[in-house]
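What follows is a set of notes on a single structure, which appears directly below.
No hydrogens, no waters, no symmetry mates; every other heavy atom, side chains included, goes into these values. Below, read A as the first sequence line, B as the second, and so on, with proteins coming before strands; counting in each chain starts at 1.
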Amino acid sequence: MSVAEITASFPIEAFREDLISWYKDNKRDLPWRKDQDPYKVWVSEIMLQQTRVDTVIPYFQRFLAQFPTLEHLAQAEEEKVLKAWEGLGYYSRVRNLQTAVKEVSTSYGGQVPSSPEKISKLKGVGPYTAGAILSIAYGIPEPAVDGNVMRVLSRILIVEDDIAKAKTRVLFETLVRELISKEDPSSFNQALMELGALICTPQSPACLLCPVQAHCRAFEQGRQKELPVKVKKIKVKTVDLAAVLLRNQEGRYLIHRRPSEGLLANLWEFPNLPVRYRGKDEEQTLVSFLESEWEVEATIGEAISRISHIFSHLKWDIQLFTGYAHTKGREQEDLRWVTLSEMEQYPFSVSHQKIIKLAKEVE
DNA sequence: AATGCGGGGAT
DNA sequence: ATCCCAGCATT
């Protein structure tokens, strides 16, 4: 959806007023809200990156006591600065902050720049932090889109783009440029974040207490819990497997039916097993496995292929061997010796279909 | 467009 | 356990 489509028929002015007046009445009394000193705003915004307000408060107070001005921080020993950050995490934040503060001291005469272009060049100042400092310290109507803002606006306007994607943040920045109060951009930006922190929370938003409930499309449709859309990134784990194309004297191949539950349930496959370390005697592991599992005596030949197969949540890396079976092994419902043409009747997963294809090429 | 980077609170 | 937090730099 385009920005124009999203904001069509949205009562921008009423939304602004309801949001900002709620903010002014309900905002928390936080230590970095005592004045608009750009240095203090800056420090607070860096500390608040991926870090909760309650965690930041004591760090902010100690840090400002120790480094009360930009010049104090610029001239401090890095080790002292790191010590002040100890336990807060993401330590590159504070090393970048000191680098940037030194830059401001030498290149800008100690004045934190007030243009988007210049402030964005400072180390550690990304799109969010730039907008936050510009709007809060200088009253400049720039968007400051963080996780709160994307959550709140995705619900109010029903934006279904995946907020994990980088370009979605750009979409929200464009939206905020339309919505933001030109009279009080500081309150507007902070109000969106405050709303996200206090009312429009991730799991169970307190819609009945929400000052902009009347403007919220998600609430109207009862969809607030579906938003924002965020595709969870699953760390794809690689599983190394050794498999064997096992042939007997009749030219038949051994296949096995997978368990009735779990991954690829009831599909057929070639004998295989996970190997802990790639290259560590897969052959002998296969021989032992075939013997103990199915009483098949086998000789493993050469590795003929490497098959990679990606699932949604894991990746198989299969090393395929040829093999010759001396015995038939235990008769089982889930174990069969079949010819290549008979094999066509059995369901295989794609990764094992790749093995069939290889078998046909070998024959 | 992904990934690494810290640590902790809420559910 | 999992999510997510006033994100950014690097690749």
Side-chain angles (χ1 to χ4, degrees), chain A residues 19 23 27-28 30-33 36 38 40-60 63 82-100 103 116 119-137 142-155 161-173 176 180 185-206 225-238 310 313 315:
Chain A
L19 180 68
Y23 174 69
K27 66 181 180 184
R28 291 169 289 181
L30 300 172
W32 47 90
R33 285 183 175 159
Q36 300 181 107
K40 293 181 194 167
V41 171
W42 188 1
V43 171
S44 73
E45 292 301 342
I46 300 297
M47 285 188 171
L48 286 162
Q49 289 170 8
Q50 298 290 288
T51 311
R52 287 163 202 287
V53 165
D54 292 340
T55 305
V56 166
I57 291 172
Y59 279 93
F60 179 82
F63 198 91
L82 273 173
K83 184 69 183 173
W85 207 268
E86 185 182 55
L88 200 50
Y90 285 135
Y91 299 94
S92 65
R93 287 186 293 179
V94 76
R95 284 187 279 107
N96 290 339
L97 174 62
Q98 195 183 26
T99 301
E103 171 74 11
I119 201 168
S120 296
K121 284 196 173 73
L122 298 171
K123 268 285 189 193
V125 178
Y128 164 76
T129 305
I133 297 172
L134 291 172
S135 62
I136 297 171
E142 284 288 314
V145 174
D146 70 344
N148 284 311
V149 172
M150 289 197 281
R151 181 173 63 256
V152 168
L153 290 183
S154 73
R155 287 171 175 164
D161 299 49
D162 179 3
I163 66 166
K165 299 231 180 285
K167 61 181 292 192
T168 303
R169 193 206 72 238
V170 177
L171 169 66
F172 280 107
E173 285 170 349
V176 169
I180 194 167
S186 170
S187 292
F188 182 88
N189 280 341
Q190 293 188 80
L192 280 180
M193 295 188 275
E194 198 81 341
L195 190 65
L198 300 180
I199 305 285
C200 197
T201 52
Q203 306 304 333
S204 29
K225 287 201 174 182
E226 301 171 21
L227 296 163
V229 173
K230 185 174 186 180
V231 174
K232 60 175 158 191
K233 62 170 171 210
I234 305 154
K235 190 159 56 173
V236 176
K237 199 174 71 173
T238 297
I310 300 170
H313 60 300
K315 179 180 175 185

NA contact type, R95(A), heavy-atom cut-off 4.0 Å: base, sugar-phosphate, or nothing? nothing
Would you say the side chains of Q49(A) and Y128(A) form a donor-acceptor pair under 3.5 Å? no
Could you pick out which residue, S204(A) or S92(A), lies toward the 5' side of DNA chain B when each is mapped onto its nearest nucleotide? S92(A)
Spacing between L48(A) atom CG and dG6(B) atom C1', to the nearest angstrom: 15 Å
Rounded to whole angstrom units, what separation is found between the OH atom of Y90(A) and the P atom of dG6(B)? 8 Å
Expressed as a whole number of angstroms, how long is the span from K167(A):NZ to dA2(B):P? 12 Å
Is the side chain of N189(A) donor-acceptor paired with the backbone N or O of E142(A) at a distance under 3.5 Å, no angle test? yes
Nucleotide interval of DNA chain C bounded by contacts with chain A (heavy-atom cut-off, under 4.0 Å): dC3(C) to dT10(C)
What interatomic distance, in whole Å, is found between P of dA6(C) and the corresponding atom of dT3(B)? 24 Å
Could you measure the distance from the CG atom of L48(A) to the CH2 atom of W32(A)? Nearest 0.5 Å is fine. 4.5 Å
If you look at every strand shown and take non-hydrogen atoms under 4.0 Å, does I46(A) touch a base, only sugar-phosphate, or nothing? nothing
Can you measure from CD (E173(A)) to CG (L153(A)) and round to the nearest 0.5 angstrom? 11.5 Å
Between T129(A) and R52(A), which has a closest nucleotide on DNA chain C that is more 5'? R52(A)
Look at the side chain of T51(A) against the base of dG7(B) and say whether a donor-acceptor pair falls under 3.5 Å; ignore hydrogens and angles. no
Whichever of R93(A) and A166(A) has the more 5' nearest nucleotide on DNA chain B, that residue is A166(A)
Using whole Å, report how far CZ of R151(A) lies from P of dA10(B). 15 Å
Say you pick atom P in dC8(C) and the same atom in dG9(B); how far apart are they, in whole Å? 24 Å
For the backbone of E86(A) and the side chain of Y59(A), can you confirm whether one donor and one acceptor N or O come within less than 3.5 Å of each other? yes
Any sub-3.5 Å donor-acceptor pair from R151(A)'s side-chain atoms to G196(A)'s backbone N or O? yes
Checking T51(A) against R93(A): is there a side-chain donor and acceptor pair closer than 3.5 Å? yes
Using a heavy-atom cut-off of 4.0 Å across all strands, would you classify V53(A) as base, sugar-phosphate, or nothing? base
Work out how far the P atom of dT11(C) is from that of dG6(B), and round it to whole angstrom. 16 Å
How close or far is atom P of dG9(B) from atom CG of D54(A), stated in whole angstroms? 9 Å
Sugar-phosphate only, base, or nothing, as touched by G87(A) at under 4.0 Å among non-hydrogen atoms: sugar-phosphate
